[in-house]
Amino acid sequence: MPDGAAPVLAVSGLKTVFRTRGGEIHAVNDVGFRLRPGELLGVVGESGSGKSVTMMSLLGLLPSPPAEVRAGVVLFDGRDLLKLAPEELRGVRGGGIGFIFQDPMTSLNPVFTVGFQIMEPLRRHMGLDRRRAAARAAELLDLVGIPDARARLADFPHQFSGGMRQRVMIAIALACDPRVLIADEPTTALDVTIQAQILELVRDLRRKLGMAIIWITHDLGVIAGIADRVMVMYAGQVVEEAPVAAVFANPRHPYTRALLETIPHVRGQRAPRLKVIEGQPPILLAAPAACPFRARCAHAMPRCAAENPALRAAGTGHAVACHWDAPAGREARHG
Amino acid sequence: MAEAARRPLVEVRGLRMYFPITAGLFRRKVGDVKAVDDVSLDIFEGETLGLVGESGCGKSTCGRAILRLYDITAGSIRLDGVEIGHLGQAELRRLRPRMQMVFQDPQASLNPRMTLAGIIGEPLVEHARMTPAGRLERIYALMDAVGLNRAFANRYPHEFSGGQRQRIGIARALALNPGFIVCDEPIAALDVSIQAQVVNLLEELQARFGLTYLFISHDLSMVRHIATRVAVMYLGGIVEIADRDMLYSAPLHPYTQALLSAVPEPDPEGESRRRRIILVGDVPSPARPPAGCRFSTRCPRVMDICRRQAPELLPAAAGGMVACHLHTLQDQPTAGRTGGPRAAPREPSGQIQQGELR
Ligand SMILES: Nc1ncnc2c1ncn2[C@@H]1O[C@H](COP(=O)(O)OP(=O)(O)OP(=O)(O)O)[C@@H](O)[C@H]1O
Ligand SMILES: Nc1ncnc2c1ncn2[C@@H]1O[C@H](COP(=O)(O)OP(=O)(O)OP(=O)(O)O)[C@@H](O)[C@H]1O
Ligand SMILES: [Mg+2]
Ligand SMILES: [Mg+2]
């Protein structure tokens, strides 16, 4: 990927808050990243760290109230998406930017057939008539590996298995050949062979259409196979960002290092007990003023309680938000 | 595990679960989706049987049918020696505390109008006699166990992230200390550290209370970690079932081999070199399964007989059971034992250690 290429999507200073009865939850704090054409940015991070909320904020997909996108700039196509009117945003969504939601059952409408839901964006954004939309819908379902695609267009979502529903979501997001695809845990319900097929499809689309992709996943094996760059999130902020090889070979943030140690493997020695990262992430009732990982960190020092570390350069294209200077490599165990 | 000590807690024989396909205005029945088509298996007391297989092959349906969340089409299911395959809803209700399910779709299975404490406590209200204070104590203990902050007790499901919601479902299933739990992709939405936390918890509970699990997952590395035996399903039927170490080190069925070869490794360099067995050919539909072996349309080692005659699930020479002509025709006894191009070396000890638990 040429480093100089202008980004298709550039996000900076994003801040999203939920107003709840128990006070404000500062779910996303000062998040920024850039996505270049054809690039695949992998996003990993603790459950609840703000991965989904970040991406949904970009496209105005969060219900407001309780959500409030308080600050930030999201540049796509020379426009700030956070400033667009709702109908303009709807045009971007499903047209220029495709979005695959984490929870397929809630984002598919149970009262409409699967076919209707795939055809809808085709008719709205691509102007296809009924017959051609139906043909294209069957083609898309087939592309994501659903057998008997044409016949199954008439099924309702509950008649599909979990993984089949997830693939319907993928088909819908891909329907209009978007320039940017945001995929939130798109393959969690898929077995490895179908996942491999989907990953192949994605590679193909990147090559052919130059589609840029944000791929949220907790599967580091998938990240290793498809990502160009990786962004690691913790407690609503970006704690590390780096080219994929550097994240695995030379992780700098203690959270990233701990995360890599917890993975079980299908080959080689089987550990009797899985490693975990002890403790829980903080509840973000305010934007963190100190490092949010410090209570669980083996390298915490006084400074970590006094000052929330900002992202700093730690190698070529590598940035980390940590006061500690990690030794090179990942074998150095802590504790 | 000594053979003699194994007592089947769940015995499934000839299980079939068909969903009708209807057409036209009057919803005339025109065929069946054969989601589960003649499955027989035992789940031994205190073990974890892993159930893996392609998306849509019938794993969830199988798990739900075993717990009788469906009226099954045919077959027999015995729980602790008692036939439950054809019990009515009232009788099933009495059995519910003993068998629970963690659902694949956390969002859809949580009541949006109940708080987290309400959701986790509901089975306690329904089936256990407890004081409100005792109940709250239990709810907190469950929340601690799955790593949910106690301060969240009065929040509603939509206020949680995907992974947090999945943990609510797990806490709820554990509430009544059931003896048998079907875990349907219980960790799919969790990050690896919390996956590990939940899996360790399931193992701890198993060691302490002798729980039995049917663990449905497409995460083969996690199944390798938690399961004692593994069943591989393809298009509604079991194609292979074997002890964990045997299945991972020397998979016999060509489908199992392809599946294991497709697991991505968290190592960018290894990933670019890894050789996968890519399956080509038509993915068949459970409404019209192919004649002969179900896998014959995609099998890289298909023979003539495979298109004519369905192989039975039979004991394999090396242990375990496999439904494949390569292994049941004589002269070919070692055909698959090479384990495919990516077989991992066998481990020296196959015993699973239940961690450092008492
Ligand atoms: N409607 C809401 N009201 C209050 N808090 C919310 C709401 N939606 C999300 N949150 C909080 O925002 C935080 C970030 O959630 P998000 O869904 O982005 O996490 P995530 O990183 O995608 O996690 P996962 O990997 O589990 O999907 C979580 O702590 C969650 O509890
Ligand atoms: N209520 C239903 N009505 C009709 N068909 C159904 C119903 N439930 C499941 N099916 C079909 O049965 C088959 C098996 O579905 P099931 O949900 O058991 O698959 P699975 O192995 O759990 O897949 P996944 O890994 O994607 O969750 C699929 O073809 C599905 O479409
Ligand atoms: Mg999420
Ligand atoms: Mg399923």
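Letters A, B, ... are given to chains in the order of the sequence lines, protein chains preceding strands, and every chain is numbered from 1.
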Does the side chain of [X] reach to within under 4.5 Å of the side chain of [Y], using non-hydrogen atoms?
| X | Y | result |
| --- | --- | --- |
| A/His265 | B/His225 | no |
| A/Arg21 | B/Glu159 | yes |
| A/Leu274 | B/Gln195 | no |

Would you mind checking which part of [X] comes under 4.5 Å of any heavy atom in chain A, side chain (CB onward), backbone (N, CA, C, O), both or neither?
| X | answer |
| --- | --- |
| B/Phe152 | side chain |
| B/Ser60 | neither |
| B/Leu148 | backbone |
| B/Val192 | both |

**Prompt:** Run the side-chain contact (heavy atoms from CB on, under 4.5 Å) check on A/Ile25 and B/Arg155 step by step: do they pass?
**Reply:** CA-CA 12 Å; A/Ile25 303 281; B/Arg155 297 186 177 215; 3.4 Å; yes
**Asked** If you count the non-hydrogen atoms of other residues, nucleotides and ligands that lie under 6.0 Å from CZ in B/Arg288, is the total more than 12?
**Response** no
**Message:** Would you say CD of B/Glu269 has more than 12 non-hydrogen atoms from neighbouring residues, nucleotides or ligands within 6.0 angstrom?
**Reply:** no
**Request:** Could you tell me which residues satisfy side-chain contact (heavy atoms from CB on, under 4.5 Å) with B/Ser55, sequence neighbours excluded, listed by chain and number?
**Result:** A/Ser161, A/Met164, A/Arg167, A/Leu190, A/Asp191, A/Ile194
**Prompt:** Roughly how far apart are A/Asp155 CG and B/Ile21 CD1, rounded to 0.5 Å?
**Reply:** 8.0 Å
**Request:** Find the distance between CG (B/Asn149) and CD1 (A/Ile283) and round it off to the nearest 0.5 Å.
**Result:** 3.5 Å
Chain B contact via [X] - which portion, at a heavy-atom distance below 4.5 Å:
| X | answer |
| --- | --- |
| A/Leu199 | neither |
| A/Gln197 | neither |
| A/Thr217 | neither |
| A/Glu278 | neither |

**Request:** Check the pair A/Gln102, B/Arg165 against side-chain contact (heavy atoms from CB on, under 4.5 Å), reporting the backbone distance first and the verdict last.
**Result:** CA-CA 12 Å; A/Gln102 182 167 7; B/Arg165 280 200 287 263; 6.0 Å; no
**Message:** At a heavy-atom distance under 4.5 Å, which candidate from B/Pro264, B/Pro286, B/Pro268 has the highest pair count against chain A?
**Reply:** B/Pro268
**Item:** Residue among A/Gly50, A/Gly279, A/Ala189 with most heavy-atom pairs under 4.5 Å to chain B
**Value:** A/Ala189
**Prompt:** If you count heavy-atom pairs under 4.5 Å between each of A/Pro281, A/Pro264, A/Gly163 and chain B, which one has the most?
**Reply:** A/Pro264
**Message:** Walk me through whether A/Val192 and B/His218 qualify under side-chain contact (heavy atoms from CB on, under 4.5 Å).
**Reply:** CA-CA 7 Å; A/Val192 287; B/His218 57 81; 5.6 Å; no
**Item:** Chi angles and distances behind the side-chain contact (heavy atoms from CB on, under 4.5 Å) call for B/Glu204, A/Arg273
**Value:** CA-CA 10 Å; B/Glu204 259 166 53; A/Arg273 193 179 163 84; 3.1 Å; yes
What are the two closest non-hydrogen atoms of [X] and [Y], and how far apart are they?
| X | Y | answer |
| --- | --- | --- |
| B/Asp267 | A/Ala224 | N-CB, 3.4 Å |
| A/Leu259 | B/Ser193 | CD1-N, 4.4 Å |
| B/Ala262 | A/Thr193 | CB-CG2, 4.1 Å |

**Salt-bridge present (B/Asp245, A/Arg270; N to O < 4.0 Å)** = no
**Prompt:** In terms of side-chain heavy atoms, does A/Arg152 have a donor or acceptor partner in B/Ser285 at a distance below 3.5 Å?
**Reply:** no
